Asker: 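Attaching a single structure in structure tokens format; questions to follow.
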Amino acid sequence: MPQALIIGVKKGGTRAVLEFLRLHPDVRAPGPEPHFFDRHYHNGLEWYRSLMPRSEEGQLTIEKTPSYFITKDVPRRVYQFSKHLKLIVVVRDPVTRAISDYTQVASKKMDSRSFEEMVFVDNTTRIVDTQWSPVRIGVYAKHLKHWLQYFPLEQMHFVSGERLIENPADEMLKVQQFLGLRPVINHKHFYLKSRKGFPCILKPNRQKGSHPHCLGETKGRIHPMIDPSVIRRLRDFYKPFNIKFYRMVNQDFGWV
Ligand code: A3P
């Protein structure tokens with residue numbers, strides 16, 4: 001059973017963190033997102049266990065399901081499962097995150113409305129639509145409040161999605177520290193080769209030596225150009241929530 005969860009946020013860089021953690025010999029993790037604590041809770045714990053890879057004594061099992069962070073019932077369910085669980089949240093500038101989220105959704109639809117059309121309740125008043133999921137997810141302070149009702153801040157670790165791209169080794173060092181793992185993942189595991197300019201990893205392989213691996217095509221999509229006045233409006237909208245979030249976690253992520 002997992003001793004740690006990557007609970008969010010969608011489009012923050014959660015796949016990268018999990019893939020990087022899998023470089024560690026003491027980490028075991030299922031590839032697909034289990035969605036146990038939100039969608040499949042009724043399936044019960046044995047179902048959940050069956051999704052986990054086999055692990056040995058001393059190995060840490062971790063799963064990632066980014067929707068956990070924003071789903072109201074999940075903190076309580078996770079607490080009932082284990083109050084000692086370690087929780088990782090990968091956060092990213094909520095404005096870029098919203099555009100990334102929109103880009104993903106739009107890529108699956110033929111006739112998607114533009115970001116500019118979707119983001120406001122109506123275009124005259126330009127009131128931001130807080131019910132629209134790409135906007136809603138980025139109000140981190142609000143979601144975090146639910147988790148802090150059950151878990152102390154020390155049991156949570158916040159990864160900067162921006163630093164994860166700029167300096168994955170340093171960001172992963174902090175993750176390993178938080179998880180109580182030996183600092184095995186370091187700069188030697190990363191190289192900057194992806195066409196898109198993202199860090200890729202060298203995966204150890206017993207037969208072939210280490211081999212290069214970049215995240216799949218669905219990561220690092222090209223974002224559409226968004227009207228700068230819309231971006232400004234969104235920045236103003238998020239500013240107080242970002243400041244509140246920085247205070248709650250005692251960290252400044254540099255978005256405002
Ligand atoms: P974009 O597609 O908007 O660039 P998640 O895995 O949580 O859905 O997050 C996806 C985001 O991870 C991507 O968003 C990308 O910016 C970010 N990312 C971070 N490190 C990455 C890496 N090494 N390779 C590809 N994407 C990475």
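Start at 1 and go down the list; that is how both ligands and their atoms are numbered. Worth saying up front: this structure is predicted, and the values here are computed from it rather than measured.
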Asker: Enumerate, atom names and distances included, each donor-acceptor pair closer than 3.5 Å involving a side-chain atom of residues 209-216, sequence neighbours excluded.
Answerer:
none

Asker: Hey, does Ala16 come in under 3.5 Å of ligand 1, counting only N/O atoms on both sides?
Answerer: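 Not met; the criterion fails.
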Asker: For Gln149 and Tyr79: C-alpha separation, side-chain torsions, deciding distance, then whether side-chain hydrogen bond (donor to acceptor under 3.5 Å, both in side chains) applies.
Answerer: CA-CA 10 Å; Gln149 281 170 3; Tyr79 179 81; over 6 Å; no
Asker: For ligand 1 and Phe198, I'd like to know whether there is a polar contact (N/O to N/O, distance under 3.5 Å).
Answerer: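 In fact, backbone or side chain, Phe198 has no N or O that close.
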Asker: Would you call Asp101 and Arg92 a salt bridge, taking side-chain N to carboxylate O under 4.0 Å as the test?
Answerer: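 Result for this pair is no, no salt bridge flagged.
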Asker: Which ligand 1 atoms does Ile165 reach within 4.0 Å, using its non-hydrogen atoms?
Answerer: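 Every atom of ligand 1 under 4.0 Å from some heavy atom of Ile165: 16 (O), 19 (C), 20 (N).
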Asker: Numbering the atoms of ligand 1 from 1, which are under 4.0 Å from a heavy atom of Gly220?
Answerer: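 Ligand 1 atoms under the 4.0 Å threshold to Gly220: 1 (P), 2 (O), 4 (O), 13 (C).
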Asker: Can a donor-acceptor pair be found between the side chains of Ser107 and Gln104 at a distance below 3.5 Å?
Answerer: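 Judged by distance alone, the side chains do not pair up.
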Asker: Which of the numbered atoms in ligand 1 are under 4.0 angstrom from any heavy atom belonging to Phe20?
Answerer: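 Those qualifying, in numeric order: 23 (N).
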Asker: Could you list which atoms of ligand 1 come closer than 4.0 Å to a heavy atom of Val9?
Answerer: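 Per the distance check, 7 (O).
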Asker: Evaluate the side-chain hydrogen bond (donor to acceptor under 3.5 Å, both in side chains) criterion for residues Ser229 and Arg126: first the C-alpha distance (whole Å), next the side-chain angles of each, then the deciding distance (0.1 Å), finally the verdict.
Answerer: CA-CA 11 Å; Ser229 70; Arg126 290 206 150 184; 3.1 Å; yes
Asker: Report yes or no: is the cationic atom of Arg77 (NZ for Lys, CZ for Arg) closer than 6.0 Å to the six-membered ring centre of Tyr41, at no more than 45° off its axis?
Answerer: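 Checked: cation-pi criterion met.
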Asker: Just go through Lys11, Arg92, Lys196 and tell me whose heavy atom is the nearest to atom 14 (O) of ligand 1.
Answerer: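 Shortest heavy-atom distance from atom 14 (O) of ligand 1: Arg92.
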Asker: Of the choices Lys10, Lys219, Arg15, His223, which has the non-hydrogen atom that lies closest to atom 8 (O) of ligand 1?
Answerer: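 Looking at heavy atoms only, Lys219 sits closest to atom 8 (O) of ligand 1.
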Asker: For Phe178, does the six-membered ring have the charged nitrogen or CZ of Lys86 within the cation-pi criterion, i.e. under 6.0 angstrom from the centroid and within 45° of the normal?
Answerer: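 Yes, a cation-pi geometry.
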Asker: Can you check whether Gly12 has an N/O within less than 3.5 Å of an N/O in ligand 1?
Answerer: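 By distance alone, the answer is yes.
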Asker: Side chain, backbone, both or neither: which applies to Thr14 and ligand 1 if a contact is any heavy-atom pair less than 4.0 Å apart?
Answerer: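 For Thr14, the contact with ligand 1 is made by both the backbone and the side chain.
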Asker: Examine the side chains of Gln80 and Tyr150 and answer whether a donor and an acceptor come within less than 3.5 Å of each other.
Answerer: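 Side-chain D/A pair, Gln80 to Tyr150: absent.
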Asker: Pairs of nitrogen or oxygen atoms closer than 3.5 Å, one from Pro199 and one from ligand 1: do any exist?
Answerer: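 Such a contact does occur with ligand 1.
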